[in-house]
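So that the names make sense, note that chain A is the first sequence line, chain B the second, and so on, each numbered from 1.
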2 protein chains.
Amino acid sequence: MLSELERESRTVRRHETLVDEGEPNRLFVLDSGWVYTFIHTPDGRRQILDLHFPGDIVGTNQIAFAESTCGIAAATDGVICPFPKSGLRGVFSKSSKLTALFYTFAMIDHAAVLDRLRATGRMPAALRVLLVLLQCRARLRIMEPSYADAFELPLQQDVIGDMIGLSNISVSNALKQLKEDGLVARQGRWISFPSEERAMTLIDFADHYYEIDTSWFPGPQGAGGEQRIKAL
Amino acid sequence: MLSELERESRTVRRHETLVDEGEPNRLFVLDSGWVYTFIHTPDGRRQILDLHFPGDIVGTNQIAFAESTCGIAAATDGVICPFPKSGLRGVFSKSSKLTALFYTFAMIDHAAVLDRLRATGRMPAALRVLLVLLQCRARLRIMEPSYADAFELPLQQDVIGDMIGLSNISVSNALKQLKEDGLVARQGRWISFPSEERAMTLIDFADHYYEIDTSWFPGPQGAGGEQRIKAL
DNA sequence: CGAGACTTTGATAGATGTCAAACAGTGTGG
DNA sequence: CCACACTGTTTGACATCTATCAAAGTCTCG
């Protein structure tokens with residue numbers, strides 16, 4: 001059922017806007033590359049709402065609305081596989097277990113947003129940036145466990161800043177400070193955490209991908225493989 | 001199916017903590033009063049994540065996790081009707097349309113959080129407070145259309161501040177400024193918007209409760225009454 | 001190798017937090 | 001029904017953090 005969604009595909013370029021705010025909704029599977037959703041403020045600034053990674057279905061948290069409440073843009077070059085809204089109807093009507101899975105994905109994404117809200121509202125610049133880095137790693141290592149040690153971060157600093165209410169300059173300063181504090185190491189675009197434990201406790205980081213409970217899922221018990229369900 | 005969830009009930013007092021962060025999850029229907037979810041920062045400050053109003057089912061965005069990632073506290077005196085997690089299994093397995101409805105609620109709440117994230121990250125204090133006030137009105141007038149003109153706001157200023165990353169003092173200053181600008185009028189705890197149009201365009205406010213699309217719902221078409229579905 | 005995009009660094013300004021004290025509203029008990 | 005205690009709000013002074021501006025430095029890709 002799900003693999004049928006990936007029938008057609010197209011490439012996207014870094015910085016390309018895929019969907020504008022207020023346009024009709026669109027759904028797609030992200031095959032490769034990183035993508036983000038955003039809204040603009042009345043004075044023209046930008047807030048990034050969510051990051052999406054290869055394997056994600058993008059747009060599911062917009063299907064309840066007639067028009068898209070946010071825009072979508074590509075952070076890197078990539079490939080997307082668009083599919084129609086009706087493609088989801090099959091999922092919701094035919095498999096209640098798959099529906100619960102989608103619901104779970106939505107809640108995990110929601111939890112990530114809540115963590116960023118907390119950071120944006122109540123934490124200093126360096127810790128906000130640290131949160132974004134740890135969130136990226138948490139998501140990436142689901143697909144590729146070796147990313148736990150070090151991963152490539154293709155985001156520009158103004159993109160990071162727009163996720164957590166900072167300017168690109170403050171992101172630069174925060175990274176410098178994180179390096180001096182021994183919390184983050186950078187080699188080119190590769191990120192690692194020399195004092196992983198300290199970094200996580202410093203911001204009370206919780207990896208929501210590893211706290212999933214499926215006991216409430218409908219149907220027979222023991223779905224199995226919950227840890228990697230995002231992989232689809 | 002849903003009315004069975006409200007079998008038992010108990011009263012709660014203003015300021016009472018109903019669920020602590022990290023406790024096992026709990027679900028309840030909120031009969032009366034206002035309730036909010038929150039997380040603490042490592043340095044002991046508080047971020048409020050969501051407000052809940054009479055009629056809401058509280059805790060649904062936590063069921064995916066083994067432990068509650070946030071706490072729940074009462075903003076006013078009220079009455080709650082707790083029910084077990086298994087109560088939701090019936091909903092998810094027996095009615096795919098009801099499931100889609102729950103999914104829709106989750107997305108509407110999510111959209112409200114995203115709006116606050118945008119405000120917290122990128123908008124000045126007065127406009128952030130204005131957003132919270134407009135969000136409260138939007139939710140309240142679903143149940144009671146007369147609240148569109150004026151509604152009672154039982155929240156203390158530090159609670160409002162914790163929703164959008166401000167101190168209680170900045171909230172006070174913001175309200176003063178909003179009053180001077182003719183955007184918000186207060187009589188005791190009653191709030192109204194003298195220049196409603198201007199207030200909404202100033203922050204690009206969108207009332208997500210009135211933009212719902214149910215065309216993707218499973219089952220026969222024409223559910224009807226989508227505008228007030230939150231009322232249950 | 002060169003042009004453009006991105007990052008880093010420094011100086012300054014503005015917004016919000018913190019602290020402290022006065023003020024107002026609310027509920028309770030006599 | 002009033003006085004009092006408590007909770008919450010308002011105001012002002014000051015400190016801190018982050019944004020903005022500007023310029024130098026670095027990387028990347030053609």
Side-chain angles (χ1 to χ4, degrees), chain A residues 13-16 34 41 43-47 73-77 118-133 152-181 184-191, chain B residues 13-16 34 41 43-47 73-77 118-133 152-181 184-191:
Chain A
R13 290 262 170 98
R14 186 168 56 145
H15 295 169
E16 183 180 339
W34 294 25
T41 48
D43 64 340
R45 297 157 86 189
R46 183 180 64 168
Q47 174 70 44
T76 71
D77 295 346
R118 177 183 70 144
T120 303
R122 294 294 183 203
M123 279 158 50
L127 298 187
R128 294 189 223 174
V129 172
L130 182 58
L131 171 67
V132 170
L133 299 180
E152 189 178 0
L153 182 79
L155 301 179
Q156 292 135 239
Q157 295 184 345
D158 60 343
V159 170
I160 297 173
D162 283 341
M163 293 178 69
I164 47 183
L166 291 173
S167 67
N168 59 338
I169 289 158
S170 290
V171 173
S172 179
N173 292 333
L175 285 168
K176 185 184 172 192
Q177 189 188 325
L178 289 170
K179 180 183 168 188
E180 287 166 356
D181 293 348
V184 171
R186 280 188 293 167
Q187 290 173 19
R189 281 175 176 167
W190 287 76
I191 302 284
Chain B
R13 289 263 169 97
R14 186 168 57 146
H15 295 170
E16 183 180 338
W34 294 26
T41 48
D43 64 339
R45 297 157 84 189
R46 184 180 64 169
Q47 174 70 45
T76 71
D77 294 345
R118 176 183 72 144
T120 303
R122 295 295 185 203
M123 280 159 49
L127 298 187
R128 293 189 224 174
V129 172
L130 182 59
L131 171 67
V132 170
L133 298 179
E152 189 178 0
L153 183 78
L155 301 178
Q156 293 136 239
Q157 295 182 346
D158 59 343
V159 170
I160 297 173
D162 283 340
M163 292 178 69
I164 48 183
L166 291 174
S167 66
N168 57 339
I169 289 159
S170 291
V171 173
S172 179
N173 292 334
L175 286 168
K176 184 184 173 192
Q177 189 188 326
L178 288 169
K179 180 183 168 188
E180 286 167 356
D181 294 348
V184 172
R186 279 189 293 168
Q187 290 173 19
R189 282 175 175 167
W190 287 76
I191 302 286

Difference in axis direction between the ends of the helix from C:dC1-D:dG30 to C:dG30-D:dC1, five pairs, 10°: 50°
With sequence neighbours excluded, residues passing side-chain hydrogen bond (donor to acceptor under 3.5 Å, both in side chains) with A:Thr41: A:Asp43
The single option from A:Ile160, A:Asn173, A:Val171 passing side chain to side chain contact (heavy atoms under 4.5 Å, CB included) against A:Leu166: A:Val171
5' to 3' contact window, DNA chain C with chain B (heavy-atom distance under 4.0 Å): C:dT16 to C:dA20
For B:Leu133, side chain to side chain contact (heavy atoms under 4.5 Å, CB included) partners two or more places apart: B:Val129, B:Leu153, B:Leu175, B:Val184, B:Ile191, B:Phe193
Set of side chain to side chain contact (heavy atoms under 4.5 Å, CB included) partners for B:Ser172, sequence neighbours left out: B:Gln157
Segment of DNA chain D, first to last nucleotide, that comes within the 4.0 Å heavy-atom reach of chain A: D:dT18 to D:dA22
Greater than 12 external heavy atoms within 6.0 Å of A:Gln187's CD: no
Of all pairs that satisfy salt bridge (Lys or Arg N to Asp or Glu O under 4.0 Å), the ones with a partner from residues 159-178 of chain A, not counting sequence neighbours: A:Arg46-A:Asp162, A:Asp162-B:Arg122
Partner residues of A:Glu152 under the side-chain hydrogen bond (donor to acceptor under 3.5 Å, both in side chains) criterion, sequence neighbours left out: none
Qualifying residues under side-chain hydrogen bond (donor to acceptor under 3.5 Å, both in side chains), relative to B:Gln177, sequence neighbours excluded: none
Set of side chain to side chain contact (heavy atoms under 4.5 Å, CB included) partners for A:Pro154, sequence neighbours left out: A:Trp34, A:Thr76
Any residue of residues 157-169 of chain B with a heavy atom less than 4.0 Å from an atom of DNA chain C: B:Gly165, B:Leu166, B:Ser167, B:Ile169
